[in-house]
Asks: 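I'd like to ask some things about the structure below.
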Amino acid sequence: MDTLTHCPYCSLQCGMTLVREGRTLEVQPWPEFPVNEGGLCRKGWTATGLRGHRERLTQPLVRDRATGELRAAGWDAALDLVAGRLRELQAESGPDSVAVFGGGGLTNEKAYALGKFARVALRTSQVDYNGRWCMSSAASAANQAFGLDRGLPFPLADLEQTDVLVLVGSNLAETMPPAARHLDRLRERGGTVVVVDPRRTPTADRADVLLQPVPGTDLALALGVLHLLDAAGAVDTAYVEARTTGFEAVRELAAGWWPERVERVTGVPATELRALATLLAGADRVTVLTARGAEQHAQGTATVLGWIDVALALGMPGKPYAGYGCLTGQGNGQGGREHGQKADQLPGYRMIDDPAARDHVARVWGVDPADLPGAGRSAYELLDALGTPGGPRALIVHGSNVVVSAPHAGHVSERLGALDLLVVCDLVMSETAAIADVVLPVTQWAEETGTMTNLEGRVVLRQQAVAAPEGVRSDLEVLAGLAERLGSPVPFATDPEEVFAELGRASAGGRADYSGITYDRIRDEHGVFWPCPTGSAGTPRMFADAFAHTDGRARFVAVDHVGTAEPTDASYPLHLTTGRVLAQYQSGAQTRRVEDLPDTGPFVELHPMLAARLGAVDGEPVVVTTRRGELKAPARVVTTIRPDTVFVPFHWVGANRLTNDALDPSSRMPEFKVCAAAVRT
Ligand SMILES: Nc1nc2c(c(=O)[nH]1)N[C@H]1C(S)=C(S)[C@@H](COP(=O)(O)OP(=O)(O)OC[C@H]3O[C@@H](n4cnc5c(=O)[nH]c(N)nc54)[C@H](O)[C@@H]3O)O[C@H]1N2
Ligand SMILES: Nc1nc2c(c(=O)[nH]1)N[C@H]1C(S)=C(S)[C@@H](COP(=O)(O)OP(=O)(O)OC[C@H]3O[C@@H](n4cnc5c(=O)[nH]c(N)nc54)[C@H](O)[C@@H]3O)O[C@H]1N2
Ligand code: SF4
Ligand SMILES: [Mo]
C-alpha cells in the first residue's frame with residue numbers, strides 16, 4: 001500500500017511516499033511533488049524511525065503523589081483527573097488560571113482546535129505557542145510593511161529566476177537541504193547568491209558572496225546598503241512613488257549609516273558592503289530572504305523591516321521573480337500562526353480584539369462573542385508567569401518541548417515546577433513530558449491525517465498510512481475528550497476533514513482565507529496556496545498589483561539599529577549564537593531517538609585564534625558561561641566562524657540554559673541568536 005504524504009519535520013514539507021508492506025513502513029520518493037521533486041534530507045529518509053520505537057508512549061501516565069513516579073492509567077481516569085483539576089483551579093482562581101501551549105508543528109486542524117478549545121472549553125485568554133520563537137519577527141515585519149504575512153509570497157522555485165538572492169541568516173543547505181537545489185540552478189543561470197552569516201556555513205559554500213557580520217548587527221548592514229543605494233541613485237523612485245509610503249524617513253535615517261560606520265558596528269569591511277550595494281544596484285531582479293539568524297533578536301522585527309526597506313527601495317516586492325520572503329521553519333510554521341493558537345488571534349489570521357472578527361468566529365463556533373476572552377500573554381511571558389501570583393496555575397502542552405527549546409531554560413524549568421498541574425501531550429517522553437503530572441500519548445504523523453501549510457503558503461495534505469498503536473489517541477480526540485468533560489457549550493469534532501471544513505468557514509473573509517480549499521483539491525493540485533476564498537484557484541504569487549494595506553501601498557518603516565540586549569563586556573567578551581545542525585531537529589525529542597541519525601551531543605564551535613588564546617583543543621571540553629548559566633561541551637575548532645563568536649546547537653539540553661530571554665517589543669520573540677558569553681577550558 002502506497003500513501004502520498006509529507007515529511008514530519010520542517011517547513012519545506014517535502015512530499016514522500018510511504019510504502020507499507022506487512023508490518024514495515026518505508027520512505028520512498030514522490031517525484032511529482034514539485035517542492036522537493038523527490039529529494040529528501042537525512043531526517044526525511046529516516047522519518048519512520050520513531051515507529052514502534054521502544055520509547056514511544058502508548059498509555060496515559062499520571063504522577064503518583066506519594067511516590068512521585070509516573071504510573072500508567074486508563075484514558076477515562078486520566079482525562080477525568082485532568083478535567084477535574086482544571087475545573088477546581090478555575091473555580092478557585094478564574095478562567096485564566098489554566099494556560100495552553102501549542103506548536104508550529106501541529107497540523108492546521110490541531111492548531112485550530114487548540115485555539116478553539118482554549119477560548120470555548122476553557123474560556124482562557126492564556127494560549128500561545130512556540131511559533132513566537134520561530135518566525136514571529138518576520139511575521140510582524142511583513143504585516144507592518146505589506147499588510148499581510150505569508151512567509152514566501154511566491155513559490156520557492158521562483159528563486160531560480162531571480163538575479164541576485166540575498167540570504168540573511170539562513171543556513172538552508174542544512175535546515176532545508178532539498179531547497180539548496182534552487183541556489184545551484186540560479187547560479188547555473190548566471191545569477192548570484194549572497195549569504196549573510198557570522199559563520200561560513202554549508203550554505204555559504206554554495207554561494208558567491210559571504211558577509212560575516214557580528215551577530216545582531218544585520219540591521220546596521222541593511223541601513224548601510226540603503227545608504228549606498230541612495231547615494232548611487234539606485235533607488236527605484238517610480239516604484240517608491242507609485243507603490244509605497246514612508247521612504248523619506250528611511251532615507252534620512254540611512255544617511256547616517258555611511259560604510260565606515262557600518263564597518264565599525266558590523267565588522268563587515270566597507271569594501272564588501274560597497275560591492276554588495278553595487279551588485280544589488282545593477283540587478284534587475286533581487287530577492288531578499290530572512291531566516292532565524294536575522295530574526296531571533298530583540299530587534300528582530302526592526303531587522304527584517306530594514307531588509308524589507310532594501311527590497312522596496314530597489315522596487316522588488318510584487319515584481320516577478322523578486323521581492324522579500326521569510327523562510328518559515330516548523331512543519332506548519334505558516335498555518336500554525338493563522339488559525340488561532342496565538343494569544344492575540346482568531347482563525348483566518350483575524351485579530352481577537354477586532355469586534356467583527358469575534359462576531360464571525362463566534363457564529364461559526366456557536367457561542368456568544370461576548371464569551372470569547374481577549375488577548376493573552378505571548379509564549380515566553382506566559383511561561384515566565386507560570387505559578388506566579390495572578391499567573392496560570394496549570395499548563396497543557398501540545399507539540400513543544402520547552403524545557404530544551406525555551407530561552408533561559410533554567411528559569412523556565414523553575415516556573416514549570418511551580419505549577420499545580422502540568423499536562424503534556426506527546427509521542428515520546430520529551431524532557432518536558434518527563435516532569436509533567438499527566439502525560440497523554442498522541443498519534444504521530446503517519447498515523448493520522450491533517451493539513452500543513454508550507455513555507456510557500458501552500459496547503460498540503462498529510463495522509464494516514466498506518467494504524468496508530470493501541471492506546472494512543474490523536475490530539476483532536478484528546479481535546480474533544482477534555483472539552484466534553486469540561487462542559488464545553490459546543491462539541492469538538494475529531495475527524496480531521498470535518499475540522500478542516502469548519503476551519504475553512506471560520507477563516508472565510510479573513511486574511512488567511514482557506515474556505516475554498518478541500519482535501520480533494522489538495523490531492524488533485526499538489527497543494528493549494530492561500531488566500532483561497534470559495535471558488536478561487538488559490539494564490540501562488542501575491543502583491544503583483546497591490547499590497548494588502550487598505551491603500552494598496554507597502555510601508556517603508558524607519559527603524560534604527562540599537563544593538564543587542566546584552567552587549568559584550570570584560571567579563572563576557574564573546575558573542576554566543578545558537579542554531580541547528582543537519583541531522584537533528586529542534587529540541588531533538590524526535591530525532592535524538594532515531595537510530596540512523598548521528599547524536600553527537602552539544603558542542604562549542606570556535607575559531608582557532610580564540611582556541612589558541614584560551615588553550616582550547618578540538619574535541620576536548622570547554623565551559624561556556626553567560627549571566628544565566630553554564631554548559632560544558634567539547635570544542636569544535638573551525639576556521640569558518642568569526643573569532644569573536646562561539647556557536648552552540650540547541651538540539652540538546654544545555655544551549656538554552658545560556659540564552660537570553662530579552663524579547664522583541666513587537667513580536668515578543670526572544671534573542672536566541674546573540675548574548676554575551678565567556679569561554680574557559
Ligand atoms: N536540520 C534542521 N533543519 C531544520 C530545523 C532543525 O531543527 N534542524 N528546524 C526548522 C525550523 S523550526 C527552523 S526555524 C528553521 C531555521 O532555519 P535557519 O534559520 O536556516 O537555521 P539556524 O541554524 O537557526 O540559523 C541560521 C543561521 O543564522 C546564523 N546566525 C546566527 N546569528 C546570526 C546573526 O546575528 N545574523 C545573521 N545574519 N546570521 C546569524 C547561524 O550561524 C546559522 O547558520 O530550520 C528548520 N529546519
Ligand atoms: N537556543 C535556541 N533555541 C531555540 C531556537 C534557536 O535557534 N536557538 N529555535 C527556536 C525555534 S525556531 C523553534 S521552532 C523552537 C522549537 O522547539 P520546540 O518547541 O521544543 O519544538 P520541537 O522539538 O519540534 O518539539 C515538539 C514536541 O512535540 C512533540 N510532537 C511532535 N508532533 C506532535 C503532535 O502532532 N502533537 C503533539 N502533541 N506533540 C507532537 C515532539 O515529540 C516534541 O516533543 O525552538 C526554539 N529554540
Ligand atoms: S528538508 Fe525538511 S521536510 Fe524535507 S525531508 Fe528534510 S526535514 Fe523533511
Ligand atoms: Mo523554528
Side-chain angles (χ1 to χ4, degrees), residues 6-16 27 29 33 35-36 39-47 103-105 130-136 138 151 166-180 195-204 210-219 221-222 266 268 289-297 299-300 303 307 326-333 336 400 405 445 452 454-455 460 564 575-588 590-591 597 605 640-642 645-651 669 671-675:
H6 299 270
C7 174
Y9 304 119
C10 88
S11 61
L12 208 55
Q13 281 303 290
C14 293
M16 57 168 65
V27 176
F33 186 71
V35 179
N36 57 311
L40 297 171
C41 80
R42 228 188 279 179
K43 298 185 296 301
W45 291 120
T46 57
N130 67 10
R132 288 278 182 191
W133 304 341
C134 197
M135 314 81 20
S136 59
V166 187
L167 294 169
V168 193
S170 160
N171 181 15
L172 61 75
E174 290 195 273
T175 53
M176 29 197 81
V195 166
V196 181
D197 195 307
R199 302 185 304 141
R200 192 175 76 237
T201 58
T203 311
L210 169 65
L211 271 51
Q212 277 188 279
V214 172
T217 63
D218 301 82
L219 176 53
L221 208 62
T266 64
V268 173
L289 299 182
T290 61
R292 303 310 82 76
E295 299 160 12
Q296 288 174 327
H297 292 281
Q299 58 172 15
T303 300
W307 284 97
C326 149
L327 293 157
T328 63
Q330 300 184 75
N332 198 24
S400 184
S405 58
W445 116 108
M452 308 286 283
N454 82 347
L455 79 173
V460 301
T564 63
H575 307 284
L576 167 70
T577 190
T578 59
R580 295 161 165 82
V581 298
L582 198 161
Q584 291 294 327
Y585 190 68
Q586 313 280 60
S587 72
Q590 290 158 280
T591 47
L597 294 173
E605 235 181 61
T640 46
I641 192 166
R642 289 181 58 93
T645 302
V646 295
F647 169 85
V648 180
F650 83 99
H651 309 293
M669 173 181 254
E671 190 148 72
F672 286 120
K673 282 293 187 274
V674 63
C675 67

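Indexing begins at 1, ligand by ligand and atom by atom, following the structure's order. Note: hydrogens, waters and symmetry copies are ignored here, and every other heavy atom, side chains too, is used.
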Asks: Could you state the interatomic distance from NE2 (H6) to CG (N454), rounded to the nearest 0.5 Å?
Replies: 8.5 Å
Asks: What's the separation between atom CE in M135 and atom OG1 in T290, rounded to the nearest 0.5 Å?
Replies: 11.0 Å
Asks: What's the spacing between L167 CG and L327 CG if we round to 0.5 Å?
Replies: 7.0 Å
Asks: Mind checking side chain to side chain contact (heavy atoms under 4.5 Å, CB included) for P29 and listing every partner two or more places apart, or none if nothing turns up?
Replies: P31, W45
Asks: Among I641, V195, T640, whose side-chain contact (heavy atoms from CB on, under 4.5 Å) with R200 holds?
Replies: T640
Asks: Is the shortest side-chain heavy-atom distance between F650 and R580 below 4.5 Å?
Replies: yes
Asks: Please tell me whether Q586 and N130 have a donor and an acceptor in their side chains that are separated by less than 3.5 angstrom.
Replies: no
Asks: Go through the structure and list residues passing side chain to side chain contact (heavy atoms under 4.5 Å, CB included) with T591, not counting sequence neighbours.
Replies: Y9, K43, Q584, Y585, L597
Asks: Provide the protein N, O or S atoms situated under 2.8 Å from atom 2 (Fe) of ligand 3; waters are not included.
Replies: C10 SG
Asks: At a heavy-atom distance under 4.0 Å, which protein residues reach ligand 1? Sort them by chain and number, would you?
Replies: C10, K43, C134, G169, S170, N171, E174, T175, V196, D197, P198, R199, T201, P215, G216, D218, A291, R292, G293, H297, G329, Q330, T577, G579, R580, V581, L582, Q584, Y585, Q586, H651, K673
Asks: Mind checking the CZ-SG spacing from F672 to C134? Nearest 0.5 Å is all I need.
Replies: 9.5 Å
